[in-house]
*Asks:* 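Structure below; questions to follow.
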Amino acid sequence: MTPEEILQGLYDETLIGNAPRVLELTNEALGMSMEPQSLLFDALIPSLEEVGARFERGDFFVPEMLIAGRAMAGAMEVLRPLLADTGVETVGKFLMGTVKGDVHDIGKNLVNIMLEGAGFEVIDLGVQVAPEKFIAAIEEHQPDIVGMSAFLTTTMPMFKANINALEKAGLRNEVIVMVGGAPVTQEYADAVGADGYAADASATVRKAKDLLEQRRSLVSA
Ligand code: B1M
């Protein structure tokens, strides 16, 4: 198969949730020395975007979304070490979770991989993370940054609930808060009082580094 056929195959097979074939094609692509980033950004992510568009139009339902998500997650397991293994030194500690009421984790996991690749130590709290769990984890791990993902308009208000809980626990000034997820915007992030927002995984890395640098220069000033 040519690289173009592999990318097309990955796109098509993810769309129909054919996890074994997606895994096979991923391994085949890597065997041909194709870039892991290309598999992600030129095939897997566009395919999930199409899944979302079909769901919105009513052509796909939850089961189709679920199997497509699983097919992508299988490929991500193979790609994870390749994307994260850059050998850079630890630049900071990043605590991450998808907010309470929300089970989406593919985007969050991708952000984690990119952060790890850029040298962050990432502690992932998983999905459906309640404010109390964020608080307990901050106390335990003392991260530099807390990242919250939300993928539904109905779960985005949990950002504010989490930030309120941080304030109540006296921890708001101890950590940088970053938010993100498909429906989140810079305006929304500002409105809930987050320190940073990023639209995708690479932007998250850039933003996290900037925020960390700003915080460190403030502390040393
Ligand atoms: Co759901 N779902 N889903 N879903 N799902 C969306 C999000 C939706 C946009 C589909 C649509 O209508 N077009 C829609 C939300 C609409 C809205 O509220 N605006 C939706 C819905 C409605 C639902 C249910 C309510 C459906 C139902 O039951 N009726 C339900 C909710 C369940 C719940 O959470 N309580 C539901 C369920 C599911 C599945 C379980 C079936 C499955 C999730 C599987 C999983 O994650 N393990 C699923 C999937 C797969 C999707 C779509 C198709 C794909 C999401 C995805 O993984 N995208 C999605 C449609 C879409 O977004 N195109 C959809 C790929 C991923 C790489 O991108 O998630 O955007 P993304 O992550 C990006 C950025 O957002 C950013 O970086 C990531 C990487 O570049 N980012 C951050 C993420 N977190 C960040 C944190 C940061 C910074 C950046 O800082 C901390």
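Counting begins at 1 with the first residue of the sequence. Read the numbers this way: they start at 1 and go in the same order the structure lists the ligands and their atoms. For clarity, every value in this text was computed on a predicted model and none was experimentally measured.
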*Asks:* What do the steps show when you test T98 against D102 for side-chain hydrogen bond (donor to acceptor under 3.5 Å, both in side chains), and what is the final call?
*Replies:* CA-CA 6 Å; T98 298; D102 203 319; 5.8 Å; no

*Asks:* Which is it for L110 and ligand 1 at heavy atoms under 4.0 Å: side chain, backbone, both or neither?
*Replies:*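 It is the side chain that touches ligand 1; the backbone stays farther off.
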
*Asks:* How about atom 38 (C) of ligand 1: does it have a protein heavy atom within less than 4.0 Å?
*Replies:* yes

*Asks:* Under 4.5 Å between side-chain heavy atoms, counting indirect links through other Ile/Leu/Val/Met/Phe/Trp/Tyr residues: same cluster for I16 and L44 or not?
*Replies:* no

*Asks:* Please check if a non-hydrogen protein atom sits closer than 4.0 Å to atom 8 (C) of ligand 1.
*Replies:* no

*Asks:* With a cut-off of 4.0 Å, which atoms of ligand 1 are near a heavy atom of D200?
*Replies:* 76 (C), 77 (O), 80 (O)

*Asks:* State the atoms of ligand 1, each with its element, that fall below the 4.0 Å cut-off from a heavy-atom position in A198.
*Replies:*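 Checking each atom against A198, I get 88 (C), 89 (C).
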
*Asks:* Taking 4.0 angstrom as the limit and counting only heavy atoms of M148, give me the atoms of ligand 1 inside it, by number and element.
*Replies:* 91 (C)

*Asks:* Provide, to 0.1 Å, the distance between atom 54 (C) of ligand 1 and the closest protein heavy atom, together with that atom's residue and name.
*Replies:* L48 CD1, 4.2 Å

*Asks:* Side chain or backbone, does M96 bring an N or O within less than 3.5 Å of an N or O on ligand 1?
*Replies:* no

*Asks:* As an exercise, state the distance from CG of D42 to OH of Y11, rounded to the nearest 0.5 Å.
*Replies:* 12.5 Å

*Asks:* Under 4.0 Å from a heavy atom of L66: give me the atoms of ligand 1 that qualify, with their elements.
*Replies:*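 Contacts of ligand 1 toward L66, numbered from 1: 40 (C), 41 (C).
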
*Asks:* Do Y197 side-chain atoms and V184 backbone N/O form a donor-acceptor pair below 3.5 Å?
*Replies:*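 Yes: the side chain of Y197 pairs with the backbone of V184.
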
*Asks:* For atom 76 (C) of ligand 1, what's the nearest protein heavy atom and its distance?
*Replies:* A199 O, 3.4 Å

*Asks:* Just heavy atoms, cut-off under 4.0 Å: does V111 contact ligand 1 by side chain, backbone, both, or neither?
*Replies:* side chain

*Asks:* Starting from atom 70 (O) of ligand 1, find the nearest protein heavy-atom neighbour and note its residue, name and distance.
*Replies:* A182 CB, 3.6 Å

*Asks:* Crowded around D59 CG? As in, over 12 foreign heavy atoms under 6.0 Å?
*Replies:* yes

*Asks:* Could you find the nearest protein heavy atom to atom 84 (N) of ligand 1 and give me its residue, atom name and distance?
*Replies:* S149 OG, 2.7 Å

*Asks:* Quick one: does any side-chain atom of D200 pair with a main-chain N or O of A203 as donor and acceptor, under 3.5 Å?
*Replies:*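 Yes, the answer is positive, given that a donor and an acceptor are paired below the 3.5 Å cut-off.
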
*Asks:* Quick one: do the D210 and Q214 side chains pair a donor with an acceptor below 3.5 Å?
*Replies:* no

*Asks:* Side chain of S217, backbone of E213: donor and acceptor closer than 3.5 Å?
*Replies:* yes

*Asks:* Tell me, which protein N/O/S atoms are under 2.8 Å away from atom 1 (Co) of ligand 1?
*Replies:*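 H104 NE2, with waters left out.
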
*Asks:* Counting distance only, does the side-chain N/O of T204 pair as donor-acceptor with the main-chain N or O of A198 below 3.5 Å?
*Replies:* no

*Asks:* Which residue owns the protein heavy atom closest to atom 47 (N) of ligand 1, what's the atom, and how far is it?
*Replies:*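 Closest protein heavy atom to atom 47 (N) of ligand 1: D105 OD1, 2.7 Å.
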
*Asks:* Show the atoms of ligand 1 that are less than 4.0 angstrom away from any heavy atom in G147.
*Replies:*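 Result: 91 (C).
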
*Asks:* From atom 68 (O) of ligand 1, work out which of A71, G97, G107, P63 has a heavy atom at the shortest distance.
*Replies:*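 It is G107 that holds the nearest heavy atom.
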
*Asks:* Between E132 and K100, does any NZ, NE, NH1 or NH2 come within less than 4.0 Å of an OD or OE carboxylate oxygen?
*Replies:*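 Salt bridge between K100 and E132, a charged N being under 4.0 Å from a carboxylate O: no.
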
*Asks:* Would you say the side-chain atoms of E13 pair up with the backbone N or O of L10, donor to acceptor, closer than 3.5 Å?
*Replies:*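 Not a single qualifying donor-acceptor pair exists.
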
*Asks:* Transitively linked via ILVMFWY side-chain contacts under 4.5 Å: F55 with L66?
*Replies:*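 Shared cluster, no.
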
*Asks:* Roughly how far apart are E167 CD and K160 NZ, rounded to 0.5 Å?
*Replies:* 5.5 Å

*Asks:* Give the residue, atom name and distance (to 0.1 Å) of the protein heavy atom nearest atom 18 (O) of ligand 1.
*Replies:* T153 N, 2.9 Å

*Asks:* Could you tell me the residue and atom name of the protein heavy atom closest to atom 13 (N) of ligand 1, and the distance to it rounded to 0.1 Å?
*Replies:* E56 OE2, 2.7 Å

*Asks:* Flag A201 as yes when one of its N or O atoms lies below 3.5 Å from any N or O atom of ligand 1, and as no otherwise.
*Replies:* yes

*Asks:* Name the orientation class of the two ring planes belonging to F120 and F94 (parallel below 30°, tilted from 30 to 60°, perpendicular beyond 60°).
*Replies:*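 If you compare the ring of F120 with that of F94, the planes turn out perpendicular.
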
*Asks:* Could you go through the side-chain hydrogen bond (donor to acceptor under 3.5 Å, both in side chains) check for E116 and N112 one step at a time?
*Replies:* CA-CA 6 Å; E116 282 168 5; N112 288 349; 6.0 Å; no

*Asks:* Which is it for R70 and ligand 1 at heavy atoms under 4.0 Å: side chain, backbone, both or neither?
*Replies:*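 Neither part.
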
*Asks:* Which is it for T155 and ligand 1 at heavy atoms under 4.0 Å: side chain, backbone, both or neither?
*Replies:* neither

*Asks:* Tell me, do I138 and L166 make a side-chain contact under 4.5 Å, heavy atoms counted?
*Replies:*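 Answer yes - side chains close enough.
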
*Asks:* Where's the contact between A68 and ligand 1, heavy-atom distance under 4.0 Å: side chain, backbone, both or neither?
*Replies:*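 The answer is neither.
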
*Asks:* Any nitrogen or oxygen of T204, main chain or side chain, under 3.5 Å from a nitrogen or oxygen of ligand 1?
*Replies:*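 T204 vs ligand 1: no N/O contact under 3.5 Å.
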
*Asks:* My question is simple, although I want it checked carefully: is atom 91 (C) of ligand 1 less than 4.0 angstrom from any protein heavy atom?
*Replies:*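 So atom 91 (C) of ligand 1 has protein heavy-atom neighbours under 4.0 Å.
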
*Asks:* By number and element, which atoms of ligand 1 are closer than 4.0 Å to a non-hydrogen atom of M178?
*Replies:* 91 (C)

*Asks:* I'd like to know if the side chain of R54 reaches the main chain of R57, judged simply by a donor and an acceptor atom lying under 3.5 Å from each other, with no hydrogens or angles considered.
*Replies:*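 A pair under 3.5 Å: no.
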
*Asks:* In the complex you have, is atom 87 (C) of ligand 1 within reach of the protein, judged by whether a heavy-atom distance drops under 4.0 Å?
*Replies:* yes

*Asks:* Without swapping roles, check the side chain of N18 against the backbone of T14 for a donor-acceptor pair under 3.5 Å.
*Replies:*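 Side chain of N18 to backbone of T14, a donor-acceptor pair under 3.5 Å: no, none is there.
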
*Asks:* Write out the residue and atom name of the closest protein heavy atom to atom 81 (N) of ligand 1, then the distance separating them to 0.1 Å.
*Replies:*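 For this ligand atom, the closest protein heavy atom is G181 N, 3.6 Å.
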
*Asks:* Does the pair R172/D195 count as a salt bridge with the N-to-O cut at 4.0 Å?
*Replies:*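 Result for this pair is yes, salt bridge flagged.
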
